[in-house]
Amino acid sequence: MTSNADIARALQELADLLVLAEGSKQAFRVRAYEKAVAAVQGMPREAAGLTAGELERVPGIGKSTAAKIREYVDTGAIARVTELRKRFPPEMMELTRIPGLGPKTVVMLRDRLGVTSVEQLKQAIADDALQGLPGLGAKSQQKIATAIERLGLHGKDRRTPIAEAMGIATLVVEALAALDSVTHVQFCGSLRRFRETIADIDIVAAGNSPHDVMRNFIDMALVDEVIGRGDTKTSVLTGAGLQIDVRVVKPSQFGAAILYFTGSKQHNIELRQRSIDRGQLLNEYGLQETEGGKIVASRTEAAIYKALDLDYIPPELREGIGEIEAAAEHRLPDLVDVGDLRGDLHVHSTWSGDGRSSLDDMVAAAAASGLQYIAITEHGEDLAINGLSRDQIAAERREFERLRLENPDLTILSGSELNIGRDGTVDYDPDFLESFDWCVASVHTHFDLSEAEQTARLLEAVENPAVSAIGHLTGRRIGHRPGIELNAQAVLEAAADTGTALEINGHLHRLDVPSDLLLQARGVAGLRFVISTDSHHTSEFANLEWGVHNARRGWVERTSVINTLPLDQFLDFVERKRH
Ligand code: DGT
Ligand code: CA
Ligand code: ZN
């Protein structure tokens with residue numbers, strides 16, 4: 001049956017295409033489909049099993065969306081999407097990712113200059129052709145050029161944000177895992193290593209009926225074009241132009257295959273060299289003796305690492321940056337695990353303007369997921385529309401009282417997500433700030449300041465005793481908005497000195513602090529992290545897992561993550577900074 005995730009992905013594509021067709025992200029139809037995406041993602045039942053009439057009764061799903069969902073489930077495609085894809089091909093959709101380039105401008109560039117791809121836009125900028133077009137001056141031409149560079153949106157380097165790739169890979173893995181002939185299946189490559197952008201998706205399945213696997217794969221609704229077909233490897237493109245390779249291997253070779261295709265290339269080269277030095281050969285079929293060819297290990301990755309006298313190296317570490325030496329000397333980091341986390345310290349509800357689940361539902365979901373403590377951190381009053389006044393906070397705290405009685409096993413902390421102003425000051429006054437148990441402070445405005453200004457602003461917030469943590473440090477949206485310019489080293493050191501935690505935000509669109517900065521932070525003694533979901537909907541508590549993968553990629557150790565601590569020790573951390 002078509003899964004809710006698959007339906008949500010199809011509706012999201014429709015919404016994205018309609019932004020161009022309607023010329024605005026705020027268009028009624030766009031908003032309607034985006035609401036429906038959230039509704040389908042949050043449904044406790046399979047949407048595919050419902051009639052159009054039943055779908056319409058789901059809050060957030062209207063009549064025409066219900067019809068589209070049925071169309072997708074019944075035919076595997078939405079005719080409107082197919083038609084819009086012709087008008088707005090994937091290369092043109094790419095243009096909408098560039099900050100400062102609204103949908104009307106994208107369409108205008110096509111109509112006036114014939115520009116329908118990032119490459120063509122770069123050429124137009126080089127020719128100075130944007131000057132004088134409606135709403136575009138010399139300055140915006142330069143801004144767009146910089147944004148293209150920083151997002152890496154060009155040529156064959158075109159990479160897909162992890163949020164998009166993860167959704168698609170999960171659909172394929174689930175579909176293949178459901179086949180009787182498949183014993184194991186795993187997505188590999190950069191996605192398994194949890195890189196923030198992905199060039200193509202590499203999937204390995206084990207089983208004795210490759211033909212059956214490939215037939216089911218290319219029948220999937222998300223497959224737009226088959227570009228190579230065989231029983232060991234089949235490659236396809238999705239409607240958005242993302243390549244997926246599926247390989248089928250024998251169950252006895254599965255470990256060797258996923259090890260090879262997970263990479264990275266550099267990690268593979270170093271592993272292979274190590275095996276050669278030890279009189280063995282490593283390839284995608286197994287580890288074998290050079291003399292005689294006896295297979296030493298092939299079924300699992302763990303067996304192969306063991307045979308090479310290495311501790312098991314988790315995928316997130318396989319970048320060829322010293323992990324093999326560390327594994328040989330038994331000094332791999334003691335990485336944080338999702339099971340270690342006891343609390344989530346960044347949670348919104350519909351009390352925030354952008355929250356999508358009620359406070360009661362958020363608390364119930366947190367309790368059900370086994371968390372011991374949470375901080376409800378609605379937006380501070382300075383954030384237009386979404387923020388809470390003091391009166392609203394007082395009113396919400398009365399709700400906390402009731403919810404605490406109803407949920408004796410969950411500690412509900414009163415928190416806030418403060419806004420770091422242009423000058424580094426935050427919402428409310430010091431006395432009122434003291435009434436919170438925990439405050440995370442984040443940048444939500446002024447993304448364009450200079451490095452010096454951004455750094456000064458962040459340092460000011462770090463010095464504030466009421467600020468327990470800095471939220472999503474760089475403010476980036478992967479593939480959509482670059483992070484702020486920042487002297488990260490200065491901020492990391494100040495955070496360590498003041499006892500301010502750095503949030504590792506688990507939203508797949510954010511993964512912020514980025515893992516390259518986490519690697520840099522290894523050199524800063526005493527720095528502490530908090531892995532948070534930034535949930536706006538009950539389904540987003542799952543972000544904890546993504547935050548953990550990102551932390552592991554940055555070699556973050558268990559002992560430096562404060563929400564692994566029992567509640568009293570966690571609160572001690574907050575208190576130490578305040579007094
Ligand atoms: P990307 O660019 O996001 O697709 O990154 P990867 O790491 O997924 O790279 P990809 O898809 O080209 O290849 C998947 C894995 O296959 C890679 O991580 C390691 C392995 N691989 C690919 N080419 C080579 C190679 O030339 N030598 C070795 N040893 N391994 C390779
Ligand atoms: Ca890949
Ligand atoms: Zn937030």
Side-chain angles (χ1 to χ4, degrees), residues 152 156-162 164-166 168-169 172 186-204 233 235 242-247 256-276 281-285 315-320 324 344-349 351-356 362 374-380 383 386-388 415-420 427 438-444 469-473 475 477-479 503-507 509-510 512 530 532-537 540 543 547 553:
K156 61 176 175 15
D157 296 338
R158 194 179 78 106
R159 302 183 65 86
T160 299
I162 185 169
E164 212 174 309
M166 185 63 78
I168 289 172
V172 177
Q186 172 68 55
F187 58 77
C188 299
S190 49
L191 186 61
R192 184 161 179 238
R193 303 197 312 277
F194 220 69
R195 275 193 70 173
E196 56 212 39
T197 61
I198 271 82
D200 66 359
I201 297 177
D202 309 280
I203 292 175
V204 177
K233 176 181 173 190
S235 300
L242 175 62
Q243 182 171 334
I244 312 172
D245 296 344
V246 168
R247 292 178 172 83
I258 64 173
L259 180 62
Y260 182 86
F261 290 109
T262 296
S264 65
K265 189 171 166 181
Q266 190 56 33
H267 182 85
N268 286 356
I269 290 170
E270 290 178 28
L271 270 190
R272 192 179 157 83
Q273 189 56 51
R274 183 177 177 90
S275 69
I276 290 169
L281 264 180
L282 178 65
N283 58 28
E284 61 264 54
Y285 307 107
E316 302 95 322
L317 299 188
R318 300 182 195 167
E319 292 294 344
I324 293 176
D344 185 1
L345 288 307
H346 191 159
V347 178
H348 299 269
S349 76
W351 283 81
S352 290
D354 56 359
R356 289 182 282 115
M362 292 304 280
I374 58 170
I376 301 292
T377 53
E378 313 290 7
H379 290 294
L383 192 64
N386 293 330
L388 268 66
S416 178
E417 181 174 18
L418 304 170
N419 302 287
I420 302 177
D427 320 50
W438 161 268
C439 292
V440 51
S442 322
V443 165
H444 290 125
I470 299 293
H472 47 71
L473 179 66
R477 306 280 299 184
I478 296 169
E503 173 186 272
I504 298 174
N505 188 299
H507 256 277
H509 293 287
R510 291 193 182 274
D512 194 5
V530 56
S532 301
T533 65
D534 198 356
S535 291
H536 290 69
H537 185 272
E540 292 175 351
N543 289 347
R553 199 174 149 76

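Counting convention: from 1, in listed order, for ligands and their atoms alike. Throughout, residue positions are numbered sequentially from 1 according to the sequence presented. Atoms considered below: every heavy atom in the structure, side chains included; atoms not considered: hydrogens, waters and symmetry mates. Computed from a predicted structure; not experimentally measured.
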Under 4.0 angstrom from [atom], is there any protein heavy atom?
| atom | value |
| --- | --- |
| atom 22 (C) of ligand 1 | no |
| atom 9 (O) of ligand 1 | no |
| atom 12 (O) of ligand 1 | no |

In terms of residue, atom name and distance, what is the protein heavy atom nearest to [atom]?
| atom | answer |
| --- | --- |
| atom 4 (O) of ligand 1 | D200 OD1, 3.0 Å |
| atom 17 (C) of ligand 1 | G263 CA, 3.9 Å |
| atom 31 (C) of ligand 1 | Y260 OH, 3.5 Å |
| atom 26 (O) of ligand 1 | K265 CE, 3.3 Å |
| atom 15 (C) of ligand 1 | F261 O, 3.2 Å |
| atom 29 (N) of ligand 1 | N268 CB, 3.3 Å |
| atom 3 (O) of ligand 1 | S190 OG, 2.5 Å |

*Just checking, any donor-acceptor pair under 3.5 angstrom between side chains of D245 and S235?*
yes

*asked:* Would you say E540 and T533 are linked by a side-chain donor-acceptor pair, where the criterion is simply a distance under 3.5 Å?
replied: no

Does ligand 1 have an atom under 4.0 Å from some heavy atom of [X]?
| X | answer |
| --- | --- |
| D245 | no |
| H267 | no |
| R195 | no |
| R272 | no |

*Give the intermediate values and the outcome of side chain to side chain contact (heavy atoms under 4.5 Å, CB included) for residues W438 and H346.*
CA-CA 10 Å; W438 161 268; H346 191 159; 5.9 Å; no

Have a look at [X] and say which of its N, O or S atoms is nearest the Zn ion (ligand 3).
| X | answer |
| --- | --- |
| E417 | OE1 |
| D534 | OD1 |
| H348 | NE2 |

Backbone N or O of [Y] within a donor-acceptor pair of the [X] side chain at under 3.5 Å?
| X | Y | value |
| --- | --- | --- |
| D512 | G475 | yes |
| D202 | C188 | no |
| W351 | E378 | no |
| E417 | V440 | no |
| R272 | L282 | yes |
| D427 | L418 | no |
| T197 | P161 | no |
| S264 | R318 | yes |

If the cut-off is 4.0 Å to any non-hydrogen atom of [X], which atoms of ligand 1 fall inside it?
| X | value |
| --- | --- |
| R193 | 7 (O), 18 (O) |
| G189 | 8 (O) |
| T262 | 18 (O) |
| A199 | 1 (P), 2 (O), 3 (O), 4 (O) |

Below 3.5 angstrom, do we get any N/O pair linking [X] and ligand 1?
| X | value |
| --- | --- |
| T197 | no |
| I198 | no |
| S264 | no |

*So T377 and L345, side chain to side chain contact (heavy atoms under 4.5 Å, CB included) or not? Walk me through it.*
CA-CA 7 Å; T377 53; L345 288 307; 5.9 Å; no

_Name of the residue among I198, I203, V172 meeting side-chain contact (heavy atoms from CB on, under 4.5 Å) with F187_ = I203

*Rounded to the nearest 0.5 Å, how far apart are OG1 of T160 and CD1 of I478?*
12.5 Å

*Check the pair S190 / R159 against side chain to side chain contact (heavy atoms under 4.5 Å, CB included), numbers first and verdict last.*
CA-CA 11 Å; S190 49; R159 302 183 65 86; 4.3 Å; yes

*Over 12 non-hydrogen atoms of neighbours within 6.0 angstrom of NE2 in H536*: yes

*Hey, is there an N, O or S on H379 sitting under 2.8 Å from the Zn ion (ligand 3)?*
no

*Work out how many protein N, O or S atoms lie closer to the Ca ion (ligand 2) than 3.0 Å.*
3

*salt_bridge(R195, E319) N-O dist < 4.0 Å*: no

_Test side-chain hydrogen bond (donor to acceptor under 3.5 Å, both in side chains) applied to H379 and D354, step by step_ = CA-CA 9 Å; H379 290 294; D354 56 359; 3.1 Å; yes

